[in-house]
2 protein chains.
Amino acid sequence: MYNKIPTLKEIAQRLKISVSTASRAMHNHPSIGLRTKTEVQQLAKELGYEPNQTALFFKQQKTHVVGVVLPNLKEEFFSQAINGIEYVAKENNYSVLIGQSHDDVEQEKQIINTMKNHRVDGLIVSISKYTKDYDHLTALEKYNIPVVFFDRVPGISFVHKVSSDIYESTKQAVEFLINNGHRRIGVINGPNEMKSCKERTDAYMKVLKNKKIKIDLSLVVFTDLTQQKTFEAMIELLKLKRPPTAIITINDYVALDAIQYARKAKLKINKDICFVSYSNLPITNYLAFPPLASVEQYPYEQAKKATEILFELLNKTNNNEEKIFYRDVIIKGQLIIHKK
Amino acid sequence: MYNKIPTLKEIAQRLKISVSTASRAMHNHPSIGLRTKTEVQQLAKELGYEPNQTALFFKQQKTHVVGVVLPNLKEEFFSQAINGIEYVAKENNYSVLIGQSHDDVEQEKQIINTMKNHRVDGLIVSISKYTKDYDHLTALEKYNIPVVFFDRVPGISFVHKVSSDIYESTKQAVEFLINNGHRRIGVINGPNEMKSCKERTDAYMKVLKNKKIKIDLSLVVFTDLTQQKTFEAMIELLKLKRPPTAIITINDYVALDAIQYARKAKLKINKDICFVSYSNLPITNYLAFPPLASVEQYPYEQAKKATEILFELLNKTNNNEEKIFYRDVIIKGQLIIHKK
DNA sequence: AAAATCCGCACAATCGGTTGCATAGGGATA
DNA sequence: TATCCCTATGCAACCGATTGTGCGGATTTT
């Protein structure tokens, strides 16, 4: 036999008072008599009454839910990000609705639409690697549902975003390799439409130019981050007349595959060929052949900051007049040199 | 300037009809004239109208949200599980509200309470390693919110659960080691209150007894799965007069720490000492010194099955009379031998 | 031509909680 | 004793969508 979750109505009926009185009594409204107040609060406690969030939505137009859309949770980068989001959400008494796009634009659109229909108060988004137009996202802003992007952010200016300074980190990475004597540096990059990938390429070129090292475009390969494509990229790089002595990979997962391939090709890691990567996954500590260095991108901090911005936007009495000031926060990365 | 998310009311006002007519028109109700129907549906499309899930809750008493509570998403085991949950949820047009307990009982209680207040239709739960009483969970069933546990399930019978057959897998693991000539087999186990840990111990004893190998209880160490405790466990095991030649660890993360310690202690992995573990994390493929074997526990399948059961429960017209039949599904594990 | 039928739509209640406004009833003041 | 005021409470509207019921008007039937 099931009980119902207690409602104000029930409390009111039992005490033979009106629902409105019960409501006010719960909120310690001054116009309610002390006796009634204590009676109501007492009974509420006994029954374990707590207000129905779903019902509250009507009056307050707030669901107290933030939506999170990201490519996948499998990557530790994103599960750490979730922790940052959850932390801030909790502080603000919010819950987190999660959807994974699995790097599929259609799924991303669907998820975001579902979240709209659930009337999430705001959204934290890291876009899929193939997302090129952002209409499904900017549309939400029209409905006054703020969206803050992190890490995988769109390359447009009229959105709020928090991202890692890939350009700067990449410069450091390339300089680090050059200082270690490398002149032939390969890049296994992601799709060049991704903002961060373009920054990698640009930074790479910039440093080589500064250091007066000849740029060889056959050293820069674009992939879709799958293991298959990584292997193909390695084949391509290794069969060059003058193959690279160091390779920068777009992230540690790709680095792992690339290193695996290099080992199969009988290359000595960190001797015949060096790898530098991004993400600085904890798991690399357990590897016999980790990348030589990896750029820590602080996913927790990125996501935390993005969520803080979201709550700033939510708490702002949204003045239609005021011109929107779009936030663009950069979280500096750090090149972590792994001790051998 | 912001637009409002379109509502039925708006459509009704524009067409100068009542809201109820608009609603029926959207649902192709037979009593609505063809002309009105097409007008409404046309306008709905133009405005991008879609029903407000939150409002729907009132009439249908369904939020179309399932709650998921698990220790953390960082472990790939759980992020894979989420995929299984998300998959089934999506099939049923449901969204997923996520909370991590971080293995803290208080947080677990809070999250579950929040989920209750959000009126999730059902819950998928993997309990924290310290959860010993289940009142906060079984209470939900009283409110007719079904709960299905997976992997970390309570050791009580009157709940629905899907779990891995740890007892059987552990027998296989121990037999595997014995067949490879090991006689001194250590166990780095988790807290013995965890159902799965007790099963490990029991299975271990059982096999040794069957094989007439003397049981030495100093070979079985209980930890809380932290790196610190794992190191301490290793110290304890290695300082024994006759230290183990093989160690079974509760999961791959613990195995990684244990292996790391063993290497620091100058032991040759898979020679001086072997490791067998649980989870079969993909990452172990990249390790130079992976455990010799690991029990694949199929988190995706476990979680998928748990969610399927949840939807069975949700779709059942809940007959108060009928005695509840509690599901207890076992997903068989498989001992995966890593090729060296 | 009066009565029965039926189509197409509107009204109103409902879900749970909040909140502006009205009001009963008791005590204080003139 | 009449007037005023104030306290404590109730009423009702509202949020968005659904759904049972009721009804006007046109068509069909007798």
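Below, chain A is the first sequence line, B the second, and so on; all start at residue 1.
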Where the side chain of [X] is defined as all heavy atoms beyond and including C-beta, which of [options] is the nearest nucleotide?
X	options	value
A/Gln61	C/dC21, D/dG16, C/dC9	D/dG16
B/Pro51	D/dG10, D/dA17, C/dG17	D/dA17
B/Arg24	D/dG16, C/dG17, D/dT19	D/dT19
B/Leu8	D/dT19, D/dT18, C/dC9	D/dT18
A/Phe58	D/dG16, C/dG17, D/dT9	D/dG16
A/Val19	C/dA10, D/dT9, C/dT18	C/dT18
B/Tyr49	C/dG17, D/dA17, C/dC9	D/dA17
B/Ser31	C/dC9, D/dA17, D/dC11	C/dC9
B/Lys59	C/dA13, D/dC14, C/dT19	C/dA13

Please check if the distance between the ring centroids of A/Phe311 and A/Tyr94 is under 6.0 Å.
yes
When you check the phosphate oxygens OP1 and OP2 of [N], does a side-chain N or O of [X] lie under 4.0 Å from one of them?
X	N	result
A/Ser23	C/dT19	no
A/His27	C/dT18	yes
A/Thr21	D/dG10	yes
A/Thr54	C/dG16	no
A/Ser20	C/dT19	no

Contact residues, residues 9-17 of chain B to DNA chain C [heavy atom, < 4.0 Å]
B/Lys16, B/Ile17
Need the bend value for the helix from C/dA1-D/dT30 to C/dA30-D/dT1: angle between end axes, 5 pairs each end, nearest 10°.
80°
